[in-house]
Chemist: 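Just passing along the structure, written as structure tokens.
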Amino acid sequence: MFTELEKYKKAEQSEEIIWFKAASVSAFPENGGACVKYKDLQIAVFNFTRRNEWYACQNLCPHKMQMALSRGMIGSCGEEPKVACPFHKMTFSLKNGNNLDGDECSIITYPVKVEDGFVFIGFDQNY
Amino acid sequence: MKKVVVIGNGMVGYKFCEKLRAKDPGKQFEITVFGEEPWPAYDRVHLSAYFSGKKANDLLLASRSWYRENQIDLRTKELIVLIDRENKCVLSHLGHKIHYDYLILATGASAFVPPIQGVEKRGVFMYRTLEDLESMMQYGQKAKSAAVIGGGLLGLEAAKAVLDMGLKTHVIEFAPRLMPRQLDEAGSGLLQSKLEELGISIHLNKNTREIKGNGKLTGLEFADGSFLEVDMLVVSAGIKPRDELAEKAGLEKAARGGFVVNEFLQTNDPDIFAIGEAASYNNMVFGLVAPGYEMATQVVNQLLQNEVRPFTGYDMSTKLKLIGVEVGSFGDAFGESEPSKPIVYENKSKGIYKRINISEDGKRLLGGILVGDTSVYSMLLQMVQNNMPLPPEPEDLILGARGGDKEIGAGVDALPSTAQVCSCENISKSDLCEVISEGVHEIDALKKCTKAGTGCGGCMPLIKDLLHAELKALGKNVKNVVCEHFDYSRQELLDLIKVRGIKTYDALLDEFGEGDGCEVCKPLVASLLASTWNDLVVLQDTIQDTNDRFLANIQKGGTYSVVPRIPGGEITPDKLIVIGEVAKKYGLYTKITGGQRIDMFGARVDELPDIWEELIDAGFESGHAYGKSLRTVKSCVGTTWCRYGVQDAVSFAIRVEERYRGLRSPHKLKGAVSGCTRECAEAQSKDFGIIATEKGWNLYVCGNGGSKPQHAVLLANDLDDETCLKYIDRFLMFYIKTAEPLNRTATWLNKMEGGIAYLKDVVVNDCLGLGEELEKEMAFMIETYSCEWKEVVNNPSLRAKFKHFVNAEEKDPTVGFQPMRGQKRPVDWS
């Protein structure tokens, strides 16, 4: 058994990626996020229209263990794209998951691709 | 390549390596460093931190990998036993022979051990190295009491260490007072009484004759015949330069120890330098870290053929916290260097002693002593070092300006640019200003790139003041910009939105901002747009805080709470029943709020539209508990029921609440109406509070509860209904237009120049001629109000946004509840 946090780590690990078809592009608000369910994981997916980029990360904020990041505001810190947790405004890089407030806890990010109007998220094929 | 060998890897030896590498990135010197201790150089100044829990690693000045990365050959646990000047090489105790072109003696000092009979006994320790500390700690576990010989700086540091070990602590001093070199009798006496309060016994005028005990010490016998029973003894009575290499090498030694050096830190062999506590200049050894660093810097300058500042002595001013007591001694502390007049302030009940010595002509500050409060130390030291003119009333320097709120002394602005701000690293005001002007505007970054404040840290307050003053001078801090994405204040953005007719966040960012926005500017702009155009906030849902995005308050566990509006706190039994039924149906926890309404907790995001549909059908509307907007207007029952009431408080409260419902503002807004002077609605704790009088209403503004409660102040009295509303219109609109983000009305008023008198002028006397415009703007907000939840419930595409997963109809499986007092509460996450 994995703890809720460890599950996300496990789903990120290997080089062999399986692409999960999440939902159509229109399901995700512009410059905002929505939550995708994959097996027993919750993934926050962001449609960063302004940068013409897509990002995905765990929905679980590790700070106070809240399923909330998909409801957070996104933005940038310098060049770094980021998401702010709606609970306590802790911010994380959408590129590498690093905590941008200098705190220890960070998040797992996942690759995203868009094909034929659908959004795909990449997971470890063994998960 | 020239070869530099450094003997000694203490603080100064390390600083030499750091400076040499930093100033010579081309690495034209090969560096080998010998240290006899097992670890790389550590912070000896803060050794006592080791006892309060810091690990040896925390004290290291640099890790071993730093030496590797900088190509410095560090050899710890290796002692140099011989210098062969003829062949220019050194010999270590392991038999290694190393050639040098330049030799740096940074051997430091050992603890000075007074010639007392019995110092070899078990239980007697020196206080100098990490190894000393480790053996002290081990021995101390079995001990109950300990004495420290030495009541100076080092001795009191050792006493702190012993006290932290939990032992009964005695301090033995030969002189008639503590810290005899830094403090006068009065200052020392104050320090003594403070230390005694902490349970430390101080024994002055004591000459230790013999350390008693059979193999293991049991006590001390003094020259006056008295005896002190202790289990442990720490000797920290001074330092003795480590100059034992001098004799065989034919290097000159000072009478009181130390390698004799000239003003270029050269020994009698010009290729051999001595720095730090091992060096003796003019028969003086400098037992502080700052002069050691200065010596290291000057030797580095010579090797690199940079400009050299000859070393001709050093200011021995010190400021430190000794066992919790702040002590400072600067310049000519005793006023002995020339005829002088002291000014003394002593407050025994507060534990403060301050003395400054003024030159006889009353024009210059020579030095002084501070005990108990050293907040003015840096400023005073600067005045001494830079020969700055004294203020007309020099006592203001230690007493503060009395009878005015002007800042004392000259402030950082008056410091000359050459003034040394950080003495440990020798950083001047101009060094700092240069870096600040190059764009380093954060205190941490400033520390990192100048190293200022990284030594003892005593100059940090001065550095902060300097940074703020410089930023102000650069026009930076003066302007209160929103964040990195908008170089405008909130008020400027509001004007831009109005004048340019901007209706969306993206348009504003495109036209006036940069980057991609953030969690600070997005909700701020959302609020401005709402306060200007009053469009439905959920149309731009991703710039809203989560509460405004889902029109409910997010709570622990990720569920939301629902608060319907109950104007003035008046509700019919039928509506109460509806709330009860809805709460029961969706299994919600219910609680009465502080604003006379009912909060329902534990609703999942997908349930929100269904819950609201039922509430709206029963005649409720949004309570805007989620927004930075008007919350409630609380009331008491007033004349309709109360025998004391003088006006109909409930009717007026309902009218006021319905007038301003949904009004978005810089922060939440609360109001109240009380029916008489007994003030049962607590109107004076609200952003606007209305209290009934025989003739009408008294209007109070800018109060709040919260973390810093503040009473509202009277804006106008005996108003009729219409005038009262007119003034509130103007007041609220003026607040919305001019307040900084997330400032409540109380904070806004506190920052307002002219305070309540000015606010009265604007609102009541209309001194800006804005009155009509403000009223018109408010009228627009009132006209365009609509219930947000009603819009969402009736709009299928907006409604569709209220679900947890985009790819599953399932609810969030991590949401869980547990029972509590007949209701439910969220489960705590593991």
Chemist: With a sphere of 6.0 Å drawn around CD of B:Glu809, does it hold more than 12 non-hydrogen atoms of other residues, nucleotides or ligands?
Modeler: no
Chemist: Tell me, yes or no, whether the heavy-atom count around A:Lys113 atom NZ, taken from other residues, nucleotides or ligands under 6.0 Å, exceeds 12.
Modeler: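 Yes, because the 6.0 Å sphere around NZ of A:Lys113 holds more than 12 heavy atoms from other groups.
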Chemist: Of all of A:Cys77, A:Gly72, A:Pro81, which one pairs up most often with chain B through heavy atoms under 4.5 Å apart?
Modeler: A:Cys77
Chemist: Can you say whether B:Lys556 sits under 4.5 Å from chain A via the side chain, the backbone, both, or neither, judging by heavy atoms?
Modeler: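 Both backbone and side chain.
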Chemist: Under 4.5 Å from any heavy atom of chain B, what part of A:Phe20 do you find: side chain, backbone, both or neither?
Modeler: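 Answer is side chain: those atoms of A:Phe20 sit under 4.5 Å from chain B.
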Chemist: Under 3.5 Å, is there a donor-acceptor pair between the A:Ser70 and B:His804 side chains?
Modeler: no
Chemist: Which heavy atom of A:Arg51 sits nearest a heavy atom of B:Asp516, and at what distance?
Modeler: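 Of all heavy-atom pairs spanning A:Arg51 and B:Asp516, the closest is NH1-OD2, 2.7 Å.
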Chemist: Is the number of heavy atoms from other residues, nucleotides or ligands within 6.0 Å of CD (A:Glu53) greater than 12?
Modeler: yes
Chemist: Apply side chain to side chain contact (heavy atoms under 4.5 Å, CB included) to the pair A:Leu60 and B:Thr814, showing each step before the final yes or no.
Modeler: CA-CA 10 Å; A:Leu60 182 65; B:Thr814 63; over 6 Å; no
Chemist: Please identify, among B:Cys483, B:Gly517, B:Gly515, the residue contributing the most non-hydrogen atom pairs under 4.5 Å to chain A.
Modeler: B:Gly517
Chemist: With a 4.5 Å limit on heavy-atom distance, are the side chains of B:Gln540 and A:Asn31 in contact?
Modeler: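 Not touching, per the 4.5 Å side-chain cut-off.
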Chemist: How close do B:Ala808 and A:Lys37 get, counting heavy atoms only, and between which atoms?
Modeler: CB-CD, 4.2 Å
Chemist: Under 4.5 Å from any heavy atom of chain A, what part of B:Gln555 do you find: side chain, backbone, both or neither?
Modeler: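 Just the backbone, heavy atoms under 4.5 Å.
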Chemist: Where on B:Val605 is there a heavy atom nearer than 4.5 Å to chain A: the side chain, the backbone, both, or neither?
Modeler: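 Side chain of B:Val605 only, per the 4.5 Å heavy-atom cut-off to chain A.
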Chemist: Between chain B and each of A:Ala34, A:Ala68, A:Gly78, A:Ser24, count heavy-atom pairs under 4.5 Å; write down the option with the most.
Modeler: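 Most pairs with chain B among the choices: A:Gly78.
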Chemist: Select one option (side chain, backbone, both, neither) describing which atoms of A:Lys82 are under 4.5 Å from chain B's heavy atoms.
Modeler: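 Side chain of A:Lys82 only, per the 4.5 Å heavy-atom cut-off to chain B.
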Chemist: Does a side-chain N-to-carboxylate-O contact under 4.0 Å join B:Asp545 and A:Lys89?
Modeler: yes
Chemist: Quick check on A:Glu79 against chain B: is it the side chain, the backbone, both or neither that has a heavy atom closer than 4.5 Å?
Modeler: neither
Chemist: As a quick check of understanding, evaluate side chain to side chain contact (heavy atoms under 4.5 Å, CB included) for B:Phe805 and A:Val36, giving each step before the final call.
Modeler: CA-CA 5 Å; B:Phe805 292 117; A:Val36 166; 5.9 Å; no
Chemist: Salt-bridged, B:Asp541 to A:Arg71, with N to O below 4.0 Å?
Modeler: no
Chemist: Please classify the contact between B:Glu519 and chain A as side chain, backbone, both or neither, with a heavy-atom cut-off of under 4.5 Å.
Modeler: both
Chemist: List the atom of B:Ile543, the atom of A:Met73, and the distance in Å for their closest heavy-atom pair.
Modeler: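 Shortest heavy-atom contact: O-SD, 3.8 Å.
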Chemist: Quick one, A:Cys35 and B:Lys803 - any side-chain contact, counting heavy atoms below 4.5 Å?
Modeler: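 In short, these two side chains do not touch, never coming nearer than 4.5 Å.
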Chemist: When the side chains of residues 524-531 of chain B are checked against the rest of the protein, which donor-acceptor pairs come out under 3.5 Å, sequence neighbours left out?
Modeler:
residue, atom, partner, partner atom, Å
B:Ser527, OG, B:Ser665, O, 3.4
B:Ser531, OG, B:Ser527, O, 3.0
B:Ser531, OG, B:Arg664, O, 2.7

Chemist: Of all heavy-atom pairs between A:Gln66 and B:Gly558, which one has the smallest distance, and what is that distance?
Modeler: OE1-N, 3.6 Å
Chemist: Can you give me the closest heavy-atom contact between B:Val806 and A:Ala23, atom names plus distance?
Modeler: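 That closest heavy-atom pairing would be CG2-CB, 4.2 Å.
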Chemist: Between B:Asn807, B:Val520, B:Thr542, B:Thr546, who has the most heavy-atom pairs with chain A when the cutoff is under 4.5 Å?
Modeler: B:Asn807
Chemist: With side chain to side chain contact (heavy atoms under 4.5 Å, CB included) as the criterion, how do A:Ile74 and B:Lys522 come out once you've worked through the C-alpha distance, each side chain's angles and the decisive distance to 0.1 Å?
Modeler: CA-CA 9 Å; A:Ile74 57 174; B:Lys522 284 184 172 181; 4.0 Å; yes
Chemist: With only heavy atoms counted, which part of A:Asn59 is less than 4.5 Å from chain B, the side chain, the backbone, both or neither?
Modeler: side chain
